[in-house]
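Here's the structure we're looking at; comments come further down.
Below, all heavy atoms of this structure are taken into account, side chains as well, without hydrogens, waters or symmetry copies. Lettering of chains follows the sequences in order, A, B, ..., and the numbering in each one begins at 1.
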2 protein chains.
Amino acid sequence: MATIKQVAKQANVSVATVSRVMNKSGYVSEDAREAVERAIAELNYSPNRVARSLYKKSSNLIGLIMPDITNPFFPQLARAIEDVANQHGYQVVLCNTDEQLEKEQTYLVALQTMHVDGLIITTNHSHNPNYETLNLPMVALDRIVKAGIDAVISDGYEGGKLAAETLLANGATRLAHIAGPEHLKTVKRRTEGFMEAAGEHLVGMTQSTFTFKEALTASQELFDHHWPFDGVFAANDVIAAAVLQEAVRRNIRVPEELQVIGYDGIELGEMTSPPLTTIVQPIYEMGRLATERLLDLIEKKDTQAKEMLLPVSLLERQTTKRKER
Amino acid sequence: MATIKQVAKQANVSVATVSRVMNKSGYVSEDAREAVERAIAELNYSPNRVARSLYKKSSNLIGLIMPDITNPFFPQLARAIEDVANQHGYQVVLCNTDEQLEKEQTYLVALQTMHVDGLIITTNHSHNPNYETLNLPMVALDRIVKAGIDAVISDGYEGGKLAAETLLANGATRLAHIAGPEHLKTVKRRTEGFMEAAGEHLVGMTQSTFTFKEALTASQELFDHHWPFDGVFAANDVIAAAVLQEAVRRNIRVPEELQVIGYDGIELGEMTSPPLTTIVQPIYEMGRLATERLLDLIEKKDTQAKEMLLPVSLLERQTTKRKER
DNA sequence: GCTTGATATGTAACCGGTTACACATTAAGA
DNA sequence: TCTTAATGTGTAACCGGTTACATATCAAGC
């Protein structure tokens, strides 16, 4: 790899001049600029980012902290983040924490010592590591961290409500629900919205994490203890897939006997049989927004912390009866 | 953030001594060591990786180049890679290329200028960017790049064969197949193995990419043009899910009338109705192996390029008839 | 007592960029 | 013509580590 010194020599100028043409800063004569550009091309030079980082204390790296990329909600988010970051010349460092405080801590110091410019956090921290003391630009994504930290979330309350209303409007009268992990506020909102709109129609409810296995268990529990019901809202699409599978196993016809609505709008919903009706969050959009916001923060364009609440929408596939309205 | 100078001052020694105790190199007296350790603790110091990188020309970063993390095969791989990397003090930089040469090029120079220590490539490069001229340790994962570059792959040929044999052993006599993208050699092997073992029982075949939408189209085509058949092997689980959905839509009972086998063993297979029988690749294991191999390469433990071929196995869920054997 | 090697530690160069500062030249304005 | 500001360029300090090298002390061996 060529260095700036070699370029300078080749172009017959000093390193300062080379740096100036690269950064378009200060005064450079037309002649010098051309000579430098020629030398750069000839040597196929690209500046060493580590060296630049050291002086500038900025690495063009952003840290992405998530519970587990293996959870199908996250890849799309990661993709959006990476796309936007990349368009702006940033790279992203992937960190899976499994929501374990210790892993999170380890990553946090690693990211800090490598001088990442900012953080996107999609992990909860009810257990409160010292994000605040980190003094790094950061934005929370699909998570509410605390006032003073930017957040991008979707309107879970409205989503839950929309699910209940849809079920009811489609003729369901006995509603059931499988809630998500209690410690995730954004997920809890979905349950709250659903319960509000379901009112006395709610006949049963269980709880589950977002792993399919546990969702299956929770589904069985729901059927065992609360059957019959004719509409289910699951806190996310993975849980909904479990409900669907369990319904099939019990020879319950979907959507004729039982309508099911999920939440998230991940690709999985297309792949179930029948395809899943769901409340879609604008996942990619959320990732995009969060990243753009982070880059603004990094470039100090705005320091007023904001919470961005995005609308959700109903995607009717085939686990609900489409009613003419 | 504290610097080594501050630590040195606090401990009343020179920066060289501090560096020595941190790296356990050279001679350090017991007294000095203790003083330095105390100072490090007091100042909550951790060394600046950027500075270290600059001198050592090594960043403890590895680049992970994949087509699209959104494709459900990759998150598990990414997870394995990140786990192993992290255990060894490395972080991973995520790069989605969509198999576009241009994005790949851009990433390659970005990764190089930031002095990543190595690369894991899960992307094909029939279009041949200059990996060879990169002069970086790298290992190909689930891809065959070329001789001289390490590769970790699973035995697609045996997998395809196993699928055909299973279908046949379960009583199927008219087999069909949906192949994957032609340019992926590892995927082509599956088709070859299947065709070899299916022999004259093969009655129809179409082709598809790994996106669900196109897989659905390919499935419809298969049913439209080659029905009836009683066993299908899909080149991966996403395609198998599409076949399943299309079968349900056409009121074809699985597995009674039609048996389906997928390939990969991703979580999606658990979530379909009925759950998918599939040929599982040891995905996590492959990621783990590839990363360990890369770290060995980085630490120059071994320079003899190897190709590691991992065995696959049949996971019987409910889209095949389990036969007493 | 003198030589020698092991132990211990500090100084300064180095990694490859960026930029403050000094200095020179040129053009514009009075 | 003289002053002044704009333009152009190089030198060297700096970012925060690592390490080669110089130097010093001390104990062992003769």
Mind listing the N/O atom pairs, protein and nucleotides 20-27 of chain C, below 3.5 Å?
none

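As a whole-Å value, the separation of B/E30 CD from D/dC26 C1' is 18 Å. Atom CG of A/N48 is separated from atom P of C/dC15 by 12 Å (rounded to the nearest Å). Rounded to whole angstrom, the span from the CG atom of B/N60 across to the P atom of D/dG17 amounts to 15 Å. Between the P atom of D/dA20 and the NZ atom of B/K56 lies a distance of 10 Å, rounded to the nearest Å. The distance from atom CE of B/M1 to atom P of D/dC15 is 15 Å, rounded to the nearest whole Å. Between the CD1 atom of B/I4 and the P atom of C/dG10 there is a distance of 12 Å, rounded to whole Å. Residue A/Q112 contributes atom CD, which lies 14 Å from atom P of D/dG16 at whole-angstrom precision. Between the NZ atom of B/K5 and the P atom of D/dG17 there is a distance of 10 Å, rounded to whole Å.
Among the heavy atoms of the strands lying under 4.0 Å from B/V13 are primed sugar atoms or P, OP1, OP2 only; no base atom is included. Within 4.0 Å (heavy atoms only), B/V28 reaches sugar-phosphate atoms of the nucleic acid but no base atom.
Map A/M22 and B/V15 each onto its nearest nucleotide of DNA chain C; the residue landing nearer the 5' end is B/V15. If A/V18 and B/G26 are placed on DNA chain C by their nearest nucleotide, the residue sitting closer to the 5' end is B/G26.
A salt bridge does not link A/D83 to A/R288: none of the charged side-chain nitrogens sits closer than 4.0 Å to a carboxylate oxygen.
Take B/L309 and apply the side chain to side chain contact (heavy atoms under 4.5 Å, CB included) test, not counting sequence neighbours, and it matches B/I153, B/D155.
Looking only at atom types and distance, the side chain of A/D117 has a donor-acceptor partner in the side chain of A/S58 under 3.5 Å away.
Here D/dG8 is the nucleotide among C/dG10, D/dG8, D/dT18 with the atom lying nearest to any side-chain atom of A/Y27. For B/T3, whose side chain is taken as the heavy atoms from C-beta onward, the closest listed nucleotide among D/dG16, D/dT9, C/dG17 is D/dG16. Here the nucleotide nearest the side chain of A/A32, chosen from D/dT18, D/dT9, D/dG10, is D/dT9. Which of D/dG16, D/dG8, D/dT19 sits closest to the side chain of A/S29 comes down to D/dG8.
A donor-acceptor pair under 3.5 Å links the side-chain atoms of B/T113 to the main chain of B/V109, judged by distance alone. Using a distance-only test at 3.5 Å, with no hydrogens or angles considered, a donor-acceptor pair links the side chain of B/S59 to the main chain of B/H115. No donor-acceptor pair under 3.5 Å is formed between the side chain of A/D68 and the backbone N or O of A/D98.
Contact between the side-chain N/O atoms of A/K57 and the OP1/OP2 oxygens of D/dG16 is found at a separation under 4.0 Å. In terms of phosphate contacts, A/T17 brings a side-chain nitrogen or oxygen within less than 4.0 Å of OP1 or OP2 of D/dG10. Considering only side-chain N and O atoms, A/N23 lies under 4.0 angstrom from the phosphate OP1 or OP2 of C/dT18. Between D/dT18 and B/S19, a contact under 4.0 Å exists linking OP1 or OP2 to a side-chain N or O.
Residue A/K103 qualifies as enclosed at atom NZ: its count of foreign heavy atoms under 6.0 Å is above 12.
Considering only heavy atoms from C-beta on, B/E99 comes within 4.5 Å of B/L184 through its side chain.
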